[in-house]
Asker: 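This is the structure I have questions about; it appears just below.
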Number of protein chains: 2
Amino acid sequence: MVTLAEVARHAGVSASTVSYALSGKRSISAATRERVENSVRKLGYHPNAGARALASSRSNIIALMVPLRTDMYVPVMMEIAMAVATAARTHGYDILLLTGEEGAEAVRRIEGSALADAMIVMDVELDDERLPLLRAANRPAVLIGLPSDTAGLNCVDLDFAAAGAVCAEHLADLGHREIAVIGEAAAVYERHTGFAERTLTGLRERSAELGLRLLHRPCEGSYASVAATLSRVFDERPGTTAFVVQNEAATDPLLALLRQSGRAVPEDVSVVAVCPEQVAAHASVPLTSVAVPAQEMGRRAVEQVIAKIEGRGSNEEVMLLAPELTVRESAAQAPAGT
Amino acid sequence: MVTLAEVARHAGVSASTVSYALSGKRSISAATRERVENSVRKLGYHPNAGARALASSRSNIIALMVPLRTDMYVPVMMEIAMAVATAARTHGYDILLLTGEEGAEAVRRIEGSALADAMIVMDVELDDERLPLLRAANRPAVLIGLPSDTAGLNCVDLDFAAAGAVCAEHLADLGHREIAVIGEAAAVYERHTGFAERTLTGLRERSAELGLRLLHRPCEGSYASVAATLSRVFDERPGTTAFVVQNEAATDPLLALLRQSGRAVPEDVSVVAVCPEQVAAHASVPLTSVAVPAQEMGRRAVEQVIAKIEGRGSNEEVMLLAPELTVRESAAQAPAGT
DNA sequence: ATGAAAGCGCTAACAT
DNA sequence: ATGTTAGCGCTTTCAT
């Protein structure tokens, strides 16, 4: 194993010079810097992570808490995680992968052992058990998601309320007046993850302003429950001409069932989804949709957390990303004779 | 920050005693151990990761290289990654998340900096650029996947050949004689990830033994290409009564298209899939399938790599997990008048 | 069964 | 602009 001392000897300088030449924390003459860099390359030197962490009390590692529950939003979670890892590397940081399983204990462990310089926490619930610890911790933390009380916390999330509003607007522009919302499973609302409620709020407020009638129904992901929900919707509101879906698992069944029941999408019924790009793009009818900007969320979270590590950057910043509606093929002008 | 020294003082013993009491590397009287453990709890002591790594040249971190390419097998990758993280924790290890993006450079970086004690590499290609480095590295590595040359390497993977064989057997048992294989996109075969080919080999060999006629067609995941593939299959082999699908994206289109063309599953046509449980279970017709045992793969990889770290465990071990076929509703007795 | 002390490889004052 | 040196908190000989 190549050490700093060996590099120093090889370059004919002192250890600190090598250290400073590499960190750039004090000015070094071009000549010495060159010599040092040469020796580093020639010897294949890599600073020892443990030693560096011990001496500087900086590990250059960011812990990422990912929900273990593997049943929902998996591709988006993965995309965020990958975006976080990629962004972190461009700033010289590595990612430590923690599963939600350890819960609050993980926060204590990371803080106590100084394993990571900061934490990024995904899948935050409205009243998450980790929040108090995170607030108390003397390590920076950024949440991906939006708890009910954001005091003393940094958060990055999609502005789901705005997403709901955008959907309502788009359908109103197309002349629709009666809209049904196929929501997440009831369990999601009960878990109080917040995002589903926020979409609904945005949808409701904008609908009220635009004079749309709105009917909301939570829904499981199975064919059977989508079928049941659908027939109830058409029973209660036969004039429904458009759907907003926020339920990854329900979109495909929804399209299939509409087709089966003789309703063409988008000629007879329009569908707008709030879901990952992939799901929207690969559906049997490519879906006009608002996507979760996973990449950007990951990148922003990293930037925010690094800013905090390095002493720049306010704490208690809530960054809500503006939704973007992508027009595909599932939403069109409302049919005439309604 | 609580240090070992503080714990020692609080417990009225020396630093080394605390260290040994915690590591169990030499015998400690029950009384002292008790006192130490009490102090640890009372003070909320967590060993400093950097210091420990420096002194012991063990980081208790395993690096996990996950493919960045987020377009395929995402849920399975995620499931494996989570299983790896969970299993690692039960053995006192943490996971460092590396994206495939860095490629071979990541291997050098980890080895040079001693950031991790070992590596687990996912999504290995037949002739992966990282293999030479991994073989040369003096850190243990375990691959999830099976390259063409496994010399000097530890691998964990599903036995895809056996999976193919199991599918052939199941369909033969049900009286099918003409079988079509809907495979992965041609690009997958060209990328030489190997698993698709291995399934096919197993399928072919067992089919030959059982007297089945087999037709293989690679296929993109879109509705259009599944439709095209399907009509070609029925053109060439009108007597086809069963399908084996190995293409996550194609399964739903396949079922939809069969239904549309008036062929009931499983009454008229049987379908057996090689795909993740979730996909199989949530398809419009629950699929009889062979799943990728993601959890087990993750766990085995961790166990194997830790065995190597700790000096037990042979290197050059290839562990092929036996496939298990789960009978659901998509495969039944072949129709009579064929 | 326990202590004392020498590093592990690096960073960051403190020199000059 | 560069060198000297004192730790960072732990593990692990070497003593006893």
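Letters A, B, ... mirror the listed sequences (proteins, then strands); counts begin at 1.
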Asker: What is the separation between atom NZ on Lys25(A) and atom P on dT2(D), rounded to the nearest whole Å?
Answerer: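 It works out to 19 Å between those atoms.
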Asker: Among Val305(A), Leu134(A), Leu133(A), whose side-chain contact (heavy atoms from CB on, under 4.5 Å) with Met119(A) holds?
Answerer: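 Going through the options one by one, the only one that passes is Leu134(A).
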Asker: When you check the phosphate oxygens OP1 and OP2 of dA1(D), does a side-chain N or O of Thr32(A) lie under 4.0 Å from one of them?
Answerer: no
Asker: Measure from OH on Tyr20(A) to C1' on dT4(D) and round the result to the nearest Å.
Answerer: 11 Å
Asker: Could you give the CG-to-C1' distance, from Leu4(A) to dG3(D), as a whole number of Å?
Answerer: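 In whole Å, dG3(D) C1' lies 14 Å from Leu4(A) CG.
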Asker: Looking at Ile110(A), Ile120(A), Val107(A), which one forms a side-chain contact (heavy atoms from CB on, under 4.5 Å) with Leu98(A)?
Answerer: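 So the option named by the test is Ile110(A).
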Asker: Looking at dT12(D), dG9(D), dG3(D), which one has an atom nearest to any side-chain atom of Ser16(B)?
Answerer: dT12(D)
Asker: From CG of Leu54(B) over to P of dC8(D), roughly how many Å is that when rounded to an integer?
Answerer: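 For the pair Leu54(B) CG and dC8(D) P, the rounded distance is 13 Å.
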Asker: For dA1(D), does OP1 or OP2 lie under 4.0 Å from any side-chain N or O of Arg26(A)?
Answerer: no
Asker: How close or far is atom P of dG9(D) from atom CG of Asn48(A), stated in whole angstroms?
Answerer: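 Nearest whole value for this atom pair: 17 Å.
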Asker: Would you mind telling me which of Thr150(A), Val124(A), Val121(A), Asp149(A) makes a side-chain contact (heavy atoms from CB on, under 4.5 Å) with Leu131(A)?
Answerer: Val124(A)
Asker: Is Tyr45(B) close enough to dC10(D) that one of its side-chain N or O atoms is under 4.0 Å from OP1 or OP2 there?
Answerer: yes
Asker: Would you indicate what Ser19(B) reaches in the nucleic acid, counting non-hydrogen atoms under 4.0 angstrom: base, sugar-phosphate, or nothing?
Answerer: base
Asker: Earliest and latest nucleotide of DNA chain C, 5' to 3', sitting under 4.0 Å from a non-hydrogen atom of chain B?
Answerer: dA1(C) to dG9(C)
Asker: Calculate, to the nearest 0.5 Å, the distance between atoms OG and CG belonging to Ser39(B) and Leu4(B) respectively.
Answerer: 11.0 Å
